[in-house]
2 protein chains.
Amino acid sequence: MVTTPVHPLEKKDPKEEILKAALKLFTEKGYFNTSIADIRQLADVSTGTIYHYFKNKEAIADALYTEVVRSLEESFKEIRRLNNAFERLRAILELFFELTENEPEIVRFIVMVRHQEILSQRPPLSQSPPFRLLDRIMEEGIRAGELRRMNPQVATAVFYGTVARMALLRLEGVLEKPLAFYLLDTWTAIWRALAPANEKGA
Amino acid sequence: MVTTPVHPLEKKDPKEEILKAALKLFTEKGYFNTSIADIRQLADVSTGTIYHYFKNKEAIADALYTEVVRSLEESFKEIRRLNNAFERLRAILELFFELTENEPEIVRFIVMVRHQEILSQRPPLSQSPPFRLLDRIMEEGIRAGELRRMNPQVATAVFYGTVARMALLRLEGVLEKPLAFYLLDTWTAIWRALAPANEKGA
DNA sequence: GTCTATAAAGTGATAGAC
DNA sequence: GTCTATCACTTTATAGAC
């Protein structure tokens, strides 16, 4: 974004074009089924340009990983400012459902790509900052009595497992309607699983 | 198994050795990071032997997929004979948790391998027979009033999403204790999410 | 910064002896 | 059925002109 020209329509930033093409190809065909030649073609640049901006193919995936994790962490931090666990979790659910419909490639990258198979250096997403933040949101909610007393890791697994599964089924075309259609049922189920024992069903 | 020799200790079936090695390598390093040479070495056979039993590398992955799906379907069919949704889902949860501890490579293959990236012909696991069976178990449970009235696809997503996430976190080493340790919390959460409205919390 | 041309290496798969 | 040797090809990555 820093290098975006003053007149946006004139010329496109090749680095951004490369990343955009790579995200599309990696999530559609998979990292290993995507060659540099594929990226070159879709981004409409030459091999030399790709290697001018990125050390190698892995570095492209790494840049995507970093950006997605950073953006997710930013959203989660924002959401953490909400008043209680109910509102925070609800907001994260809605964020994922909305992202799945509007930015399917990003969610594909989050829930479908096996990052460890590509980026052996990086931790699995489940240990990246945004997911640690999710764990903390759970711990705080349990401590505050806003969530039922339970193992916080299990709470996170129930929550994120459900959310990610819904996103995956939607991206695979198994769920035919937009995720908004399933939002109420999904939230009711999640909240029943996590709500304090005395609380009503949502 | 058909070709297992009378004296099991004498000679190993090369086909089984190849499959065993491939399962280990595919789930540990990934399909594309595993070369025929790697399989050859671990299975202690020659390249020629591999291509005698399998048309190509993809056919090895296909054989593994077929066997895992078949075995899972068999277990689910057995479990379906139980009396109600409560017992059936509980049994599936326990099956997955036990499998994760005792046969981690099989569960890795189920929850971590991106089959579609390798086997473009096969449906995603979410549409394979055992998972269709799981959907039917949910539908029947809802119709019988053993589960809360809700979209059955959401019910399946909550259930399997949670189970798969717990297995994944365990396989990634995030959960330090055996899954049995988390069984009660996991089941309580799942059952609260799915139980009929009047029912107590497990 | 961007391009074309090409090098260097690894891979899946085959041929043919035993 | 199993082996060794090797082909044919793709792929990543580099060199060097413009």
Side-chain angles (χ1 to χ4, degrees), chain A residues 1-8 10-26 28-65 113 117-121, chain B residues 1-8 10-26 28-65 113-115 117-121:
Chain A
M1 287 304 180
V2 177
T3 54
T4 301
V6 182
H7 306 292
E10 280 181 4
K11 262 189 186 175
K12 295 180 177 177
D13 177 3
K15 189 169 180 179
E16 287 302 319
E17 290 302 307
I18 292 164
L19 287 171
K20 213 176 89 185
L23 177 63
K24 183 173 166 64
L25 292 165
F26 289 171
E28 274 180 7
K29 319 197 314 172
Y31 176 83
F32 294 101
N33 289 326
T34 301
S35 69
I36 296 291
D38 293 334
I39 299 171
R40 192 205 67 74
Q41 188 176 14
L42 187 62
D44 196 28
V45 297
S46 71
T47 314
T49 300
I50 291 180
Y51 283 97
H52 173 75
Y53 288 105
F54 299 96
K55 181 174 165 284
N56 52 30
K57 184 178 163 186
E58 189 177 324
I60 303 175
D62 196 80
L64 290 171
Y65 177 97
V113 174
E117 211 169 301
I118 305 165
L119 310 164
S120 44
Q121 306 288 29
Chain B
M1 288 301 179
V2 177
T3 53
T4 302
V6 182
H7 306 293
E10 281 181 6
K11 263 189 187 175
K12 295 180 177 176
D13 178 3
K15 189 169 180 179
E16 286 303 318
E17 290 302 308
I18 293 164
L19 287 171
K20 213 176 88 185
L23 177 63
K24 183 172 166 65
L25 293 165
F26 289 171
E28 274 180 8
K29 320 198 313 173
Y31 175 83
F32 293 101
N33 289 327
T34 301
S35 69
I36 295 291
D38 293 333
I39 299 171
R40 192 205 67 74
Q41 188 175 14
L42 187 61
D44 196 29
V45 296
S46 70
T47 315
T49 300
I50 291 181
Y51 283 96
H52 173 74
Y53 288 105
F54 299 97
K55 181 173 167 285
N56 52 30
K57 186 179 164 187
E58 189 178 324
I60 302 176
D62 197 79
L64 290 171
Y65 177 97
V113 174
R114 304 267 352 123
H115 308 100
E117 212 168 301
I118 306 165
L119 309 165
S120 44
Q121 305 289 29

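Below, chains carry the letters A, B, ... as their sequence lines are ordered, and counting in each starts from 1. Quick caveat, the model's predicted, so the values are computed rather than measured.
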Nucleotide of [options] approaching [X] most closely (side-chain heavy atoms):
| X | options | answer |
| --- | --- | --- |
| A:Tyr53 | D:dC3, C:dT2, C:dT11 | C:dT2 |
| B:Ser35 | C:dT2, C:dG12, C:dA13 | C:dG12 |
| A:His52 | D:dA5, D:dT14, C:dG1 | C:dG1 |
| A:Ile36 | C:dC3, C:dG12, D:dT12 | D:dT12 |

**Report entry** Heavy-atom closest contact (A:Ile60 atom, A:Phe26 atom, distance)
**Finding:**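 Taking A:Ile60 first and A:Phe26 second, the nearest heavy atoms are CG2-CE1, 4.3 Å.
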Query raised in the report: What closest approach, in Å, do B:Ile39 and B:Ala21 show between heavy atoms, and which atom pair accounts for it?
Result: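 Here B:Ile39 and B:Ala21 meet closest at O-CB, 4.2 Å.
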Could you state the atom-to-atom distance from [atom1] of [X] to [atom2] of [N] in whole Å?
| X | N | atom1 | atom2 | result |
| --- | --- | --- | --- | --- |
| A:Leu25 | D:dT11 | CG | P | 13 Å |
| A:Lys15 | C:dT2 | NZ | C1' | 16 Å |
| A:Phe54 | D:dT14 | CZ | P | 15 Å |
| B:Phe32 | C:dT11 | CZ | P | 14 Å |
| B:Asp38 | C:dG12 | CG | P | 8 Å |
| A:Arg40 | C:dG1 | CZ | P | 20 Å |
| A:Glu17 | C:dG1 | CD | P | 16 Å |
| B:Ile50 | D:dT4 | CD1 | P | 12 Å |

Report task. For D:dT14, take OP1 and OP2 only and decide whether either is under 4.0 Å from a side-chain N or O of A:Tyr51. Result -> no
Requested in this report: Determine: side-chain N/O of A:Ser46 to OP1/OP2 of C:dT2, distance under 4.0 Å, yes or no.
Outcome: no
Query - Given DNA chain D, 5'-ward residue of the pair A:Gly48 and A:Ala37, judged by closest heavy atom - result: A:Ala37
Query raised in the report: With nearest nucleotides of DNA chain D determined for A:Glu58 and B:Thr47 from heavy-atom distances, which residue corresponds to the more 5′ nucleotide?
Result: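 Here B:Thr47 is the residue nearer the 5' end.
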Report task. Could you grab the distance from atom OH of B:Tyr53 to atom CD of B:Glu17, nearest 0.5 Å is fine? Result ->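 Interatomic distance, B:Tyr53 OH to B:Glu17 CD, rounded to 0.5 Å: 11.0 Å.
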Query raised in the report: For the atom pair NZ (B:Lys24) and OG1 (B:Thr34), what is the distance rounded to the nearest 0.5 Å?
Result: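 So the gap between those two atoms works out to 11.0 Å.
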**Report entry** Verdict with supporting geometry, A:Ile50 and A:Lys57, side-chain contact (heavy atoms from CB on, under 4.5 Å)
**Finding:** CA-CA 9 Å; A:Ile50 291 180; A:Lys57 184 178 163 186; over 6 Å; no
